[in-house]
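The structure appears right after this line, and notes come after that.
All heavy atoms count here, side chains included; hydrogens, waters and symmetry mates do not. A note on names: the letters A, B, ... follow the listed sequences, proteins ahead of strands, and every chain is numbered from 1. From a predicted model like this one, the values you see are computed outputs, not experimental measurements.
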Amino acid sequence: MVHDHDDYVEAVLALVEQVPPGRVTTYGAIADVLGVGGPRQVGAVMRTHGAAVPWWRVVRADGTLPPSHDEEAVGAYRFEGTPLLVRPSGGFRIDLRQAGWWDWVSGAGLPAPTSVDS
DNA sequence: ACATTGACGGGCC
DNA sequence: TGGCCCGCCAATG
């Protein structure tokens with residue numbers, strides 16, 4: 001049960017740890033699974049406790065990179081073979097269509113964000 | 001109690 | 001695709 005602050009933090013980190021290499025999830029998806037709070041709360045947790053988990057596997061809903069440390073994140077993506085979409089503008093973003101992960105062990109049931117489809 | 005802020009999201013143009 | 005605006009939710013000053 002996610003009642004107090006500490007439990008919430010642990011719940012978030014636990015979900016992030018389940019995301020396998022080469023795949024990513026979003027702040028919103030995590031908030032969705034937890035059923036409480038919102039994407040911003042998840043972001044707040046990652047800001048302070050993200051270092052303890054593979055934070056680069058948590059991106060924004062549009063596939064853009066998590067703020068800061070994008071250099072490190074890119075290295076990790078190349079190493080893990082995370083599907084990326086290169087943009088003419090020079091940057092890139094995660095290809096959520098392929099790398100998206102919302103299939104938590106039996107967190108079950110909670111539907112994937114509709115924004116993820118084609 | 002009110003205003004501001006943020007590792008966010010979605011609708012619109 | 002990209003930028004802008006508004007809604008969200010909790011923490012802070």
Would you mind reading off the distance between [X] atom [atom1] and [N] atom [atom2], rounded to a whole angstrom?
{"X": "D62(A)", "N": "dG3(C)", "atom1": "CG", "atom2": "P", "result": "11 Å"}
{"X": "I94(A)", "N": "dT1(C)", "atom1": "CD1", "atom2": "C1'", "result": "17 Å"}
{"X": "D32(A)", "N": "dC9(C)", "atom1": "CG", "atom2": "C1'", "result": "14 Å"}
{"X": "R40(A)", "N": "dG6(B)", "atom1": "CZ", "atom2": "C1'", "result": "5 Å"}
{"X": "L65(A)", "N": "dA7(B)", "atom1": "CG", "atom2": "P", "result": "15 Å"}
{"X": "Y8(A)", "N": "dA7(B)", "atom1": "OH", "atom2": "P", "result": "15 Å"}
{"X": "D7(A)", "N": "dA10(C)", "atom1": "CG", "atom2": "P", "result": "16 Å"}

>> Let me confirm one number: the CZ-CD1 distance from R60(A) to I94(A), rounded to the nearest 0.5 Å.
In response: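 That separation rounds to 12.5 Å.
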
>> Please name the nucleotide paired to dT1(C) by Watson-Crick or G-U wobble geometry with both distances under 3.5 Å, or report none.
In response: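 No nucleotide pairs with dT1(C).
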
> So what's dC8(C) paired with, Watson-Crick or G-U wobble, going by both distances under 3.5 Å?
Replying inline: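 Base-paired to nothing in any strand shown.
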
Can a donor-acceptor pair be found, under 3.5 Å and without considering hydrogens, that links the side chain of [X] to the backbone of [Y]?
{"X": "T25(A)", "Y": "W102(A)", "answer": "no"}
{"X": "R23(A)", "Y": "W101(A)", "answer": "no"}
{"X": "Y77(A)", "Y": "W56(A)", "answer": "yes"}

> With a non-hydrogen cut-off below 4.0 angstrom, is R47(A) in contact with a base, only sugar-phosphate, or nothing?
Replying inline: base

From the options [options], select the nucleotide whose nearest atom is closest to the side chain of [X].
{"X": "Q41(A)", "options": "dG6(B), dG2(C), dG9(B)", "value": "dG6(B)"}
{"X": "Y27(A)", "options": "dA7(B), dT1(C), dA10(C)", "value": "dA7(B)"}
{"X": "R60(A)", "options": "dC8(B), dA7(B), dG10(B)", "value": "dC8(B)"}
{"X": "M46(A)", "options": "dC9(C), dA7(B), dC8(B)", "value": "dA7(B)"}

> With a cut-off of 6.0 Å (strictly less than), are more than 12 heavy atoms of other residues, nucleotides or ligands near CD of E17(A)?
Replying inline: yes

> For dT1(C), does either OP1 or OP2 sit under 4.0 Å from a side-chain N or O belonging to R93(A)?
Replying inline: yes

> Using a cut-off of less than 4.0 Å, is there contact between a side-chain N or O of R87(A) and OP1 or OP2 of dG2(C)?
Replying inline: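 Checking R87(A) against dG2(C): at least one side-chain N or O falls below 4.0 Å of OP1 or OP2.
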
